[in-house]
Amino acid sequence: GANRVYTSWEGGANFNTSPTVKATFKEYISLMVNHVNQYTNVPNRINPTILAWETGNEMRTAPCEWTREISAYIKSIDPNHLVLDGNDFFKDSPVNCSDLNYLDIATVDIFQTHHYGGNYGNISPHVGLAASHNKAFIEGEHGLVDSSSIAAIQGLYSLAETNTNFAGTLFWQLFGHADHHGYLQAGSASWNGHYPGDNADMKTKMTLARNHAYKMRGLTAPAPSSPGAPFLHTISGSQVFWRGAVGAAGYSIERSQNNSTWSIIGEVASDNQLPFTANSAPSGQSFYRVRGKNVNGLFGPYSNIQSTTR
């Protein structure tokens with residue numbers, strides 16, 4: 001939980017300085033680092049799919065001494081992974097640090113900044129500053145489906161792709177399909193990133209992010225593959241519910257009276273338009289199936305078939 005959870009357990013003690021609070025936080029870190037994946041039986045401390053441990057999210061009030069102590073503790077129980085400083089405002093002098101010795105903390109490997117609204121113009125000096133202290137730099141969060149303009153995102157990605165000291169970018173944030181229908185949603189619409197996109201603006205930005213991910217690996221993005229098969233859950237009255245397929249930019253809904261001859265009864269352009277409301281079905285048994293198409297119009301396989309009787 002947030003640092004206020006830890007401080008509430010200790011009557012409002014200071015998160016950054018209280019020995020008791022810091023000891024409790026270290027217990028939490030130890031649980032995370034030593035957790036064993038129930039499916040692979042691999043402890044997190046030796047899990048090669050983990051890039052780094054972050055000291056916290058936007059730890060803007062953390063003094064240098066706290067960062068030095070917590071990062072050293074992480075390294076002491078897991079020397080196999082990198083440590084990412086959670087203070088995204090290290091660029092500002094840095095915050096709570098009297099000099100740039102902050103950037104020389106031996107147990108911190110990566111520094112970062114966070115930006116939203118397309119305000120990426122001041123990142124380049126911080127990339128160089130981190131590099132001058134032999135540290136990696138990432139844009140730990142940036143807006144993608146917020147008010148950031150397409151031009152601003154292109155500028156950020158171009159900087160990362162051409163500056164060898166810029167290790168990567170992470171946009172906030174991407175949501176997958178909900179189990180029953182539609183997408184999972186954040187509390188704010190400006191955070192609801194869905195691939196390949198709910199509208200023209202989001203589709204353009206998601207394509208930029210996809211191309212950027214390939215370019216950062218020295219590759220050219222291939223054409224999008226066809227989506228997988230949706231999972232058709234239920235037919236409830238005239239409403240059709242299905243779990244979407246990754247990469248689907250739209251769906252075609254079909255109905256049959258004999259499970260052999262099919263007719264298209266409608267299309268939807270986004271999982272956010274679910275459930276689909278069908279026109280009145282004829283009397284008797286009706287069968288339904290759905291398939292998705294990618295941004296280039298390439299269809300994937302059909303879903304399972306569900307039937308209902310009217």
Side-chain angles (χ1 to χ4, degrees), residues 2 49-52 54 56-58 84 86 88 110 112-121 123 137-161 166-217 219 221-228 230-231 241-251 268-276 292-298 300:
T49 66
I50 295 174
L51 169 67
E54 187 177 16
N57 179 53
E58 299 184 344
L84 168 64
D88 64 303
I110 311 170
Q112 64 175 317
T113 53
H114 295 180
H115 292 86
Y116 288 88
N119 300 312
Y120 307 129
I123 293 179
F137 174 88
I138 66 170
E139 176 70 351
E141 289 182 22
H142 76 82
L144 185 71
V145 298
D146 65 349
S147 60
S148 299
S149 69
I150 291 172
I153 295 168
Q154 288 173 321
L156 171 65
Y157 287 170
S158 178
L159 175 62
E161 292 159 9
F166 201 146
T169 64
L170 298 170
F171 71 80
W172 186 264
Q173 61 186 328
L174 182 66
F175 283 88
H177 291 99
D179 285 340
H180 193 264
H181 70 282
Y183 282 112
L184 297 172
Q185 306 286 345
S188 169
S190 64
W191 295 343
N192 282 323
H194 302 136
Y195 180 81
D198 300 337
N199 50 52
D201 181 71
M202 189 184 296
K203 286 177 180 177
T204 298
K205 290 175 175 179
M206 286 293 173
T207 298
L208 285 175
R210 180 177 183 269
N211 292 343
H212 171 59
Y214 277 96
K215 286 182 181 179
M216 290 297 289
R217 297 165 59 198
L219 302 172
S225 59
S226 61
F231 181 77
F241 296 83
W242 67 86
R243 183 177 65 232
V246 174
Y251 298 89
V268 296
S270 167
D271 284 89
N272 278 336
Q273 296 177 353
L274 300 184
F276 171 77
K293 60 183 177 181
N294 70 8
V295 291
N296 294 329
L298 179 64

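The first residue of the sequence shown is numbered 1, and numbering continues consecutively from there.
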Gap separating the CE atom of M206 from the CG atom of L144, nearest 0.5 angstrom: 5.5 Å

Close aromatic pair by centroid cut-off 6.0 Å: F231 and H181: no

Verdict with reasoning, F241 to H180, per side chain to side chain contact (heavy atoms under 4.5 Å, CB included): CA-CA 7 Å; F241 296 83; H180 193 264; 3.3 Å; yes

K203 backbone acceptor or donor facing T207 side chain under 3.5 Å: yes

Ring geometry between H194 and Y183 (parallel below 30°, tilted from 30 to 60°, perpendicular above 60°): parallel

Test item: K205 side-chain N/O and S148 main-chain N/O as donor-acceptor pair under 3.5 Å: yes

Flag, side chain of Y251 to backbone of A245, donor-acceptor distance under 3.5 Å: yes

For the student: nearest non-hydrogen atoms of G140 and L170, plus distance: O-CB, 3.4 Å

Taking every non-hydrogen atom, the tightest pair across G117 and D146: N-OD2, 3.0 Å

Exercise: identify the closest heavy-atom pair between W242 and P230: CD1-CB, 3.9 Å

Side-chain heavy-atom pair Y195, L174 within 4.5 angstrom cut-off: yes

Atom of V145, atom of M202 and distance for their closest heavy-atom approach: CG1-CG, 3.6 Å

Heavy-atom closest contact (A160 atom, M216 atom, distance): O-SD, 3.6 Å

CD1 on I123 to OG1 on T113, rounded to 0.5 Å: 4.5 Å

Check: S270 side chain, Q273 main-chain N or O, donor-acceptor pair, under 3.5 Å: no

Spatial distance of atom CD (E54) from atom CG (D88) [nearest 0.5 Å]: 8.5 Å

Derivation and outcome, side-chain hydrogen bond (donor to acceptor under 3.5 Å, both in side chains), residues N192 and Q185: CA-CA 6 Å; N192 282 323; Q185 306 286 345; 3.1 Å; yes

Stepwise side chain to side chain contact (heavy atoms under 4.5 Å, CB included) test for L84 and L51: CA-CA 9 Å; L84 168 64; L51 169 67; over 6 Å; no

Polar side chain donor-acceptor pair, Y120 to E139, under 3.5 angstrom: no

Ring-ring centroid check Y116 H142, cutoff 6.0 Å: no

I138 side, atom CD1; F166 side, atom CZ - distance, nearest 0.5 Å: 9.0 Å

Qualifying side chain to side chain donor-acceptor pair (under 3.5 Å) pairs, either residue in residues 166-178, two or more places apart: T169-H212, H177-D271

Residue pair N294 / N296: nearest heavy atoms and the distance that separates them: OD1-N, 2.9 Å

Inter-residue atom distance L208.CG - S158.OG, 0.5 Å rounding: 11.5 Å

S147 side, atom OG; N119 side, atom CG - distance, nearest 0.5 Å: 8.0 Å

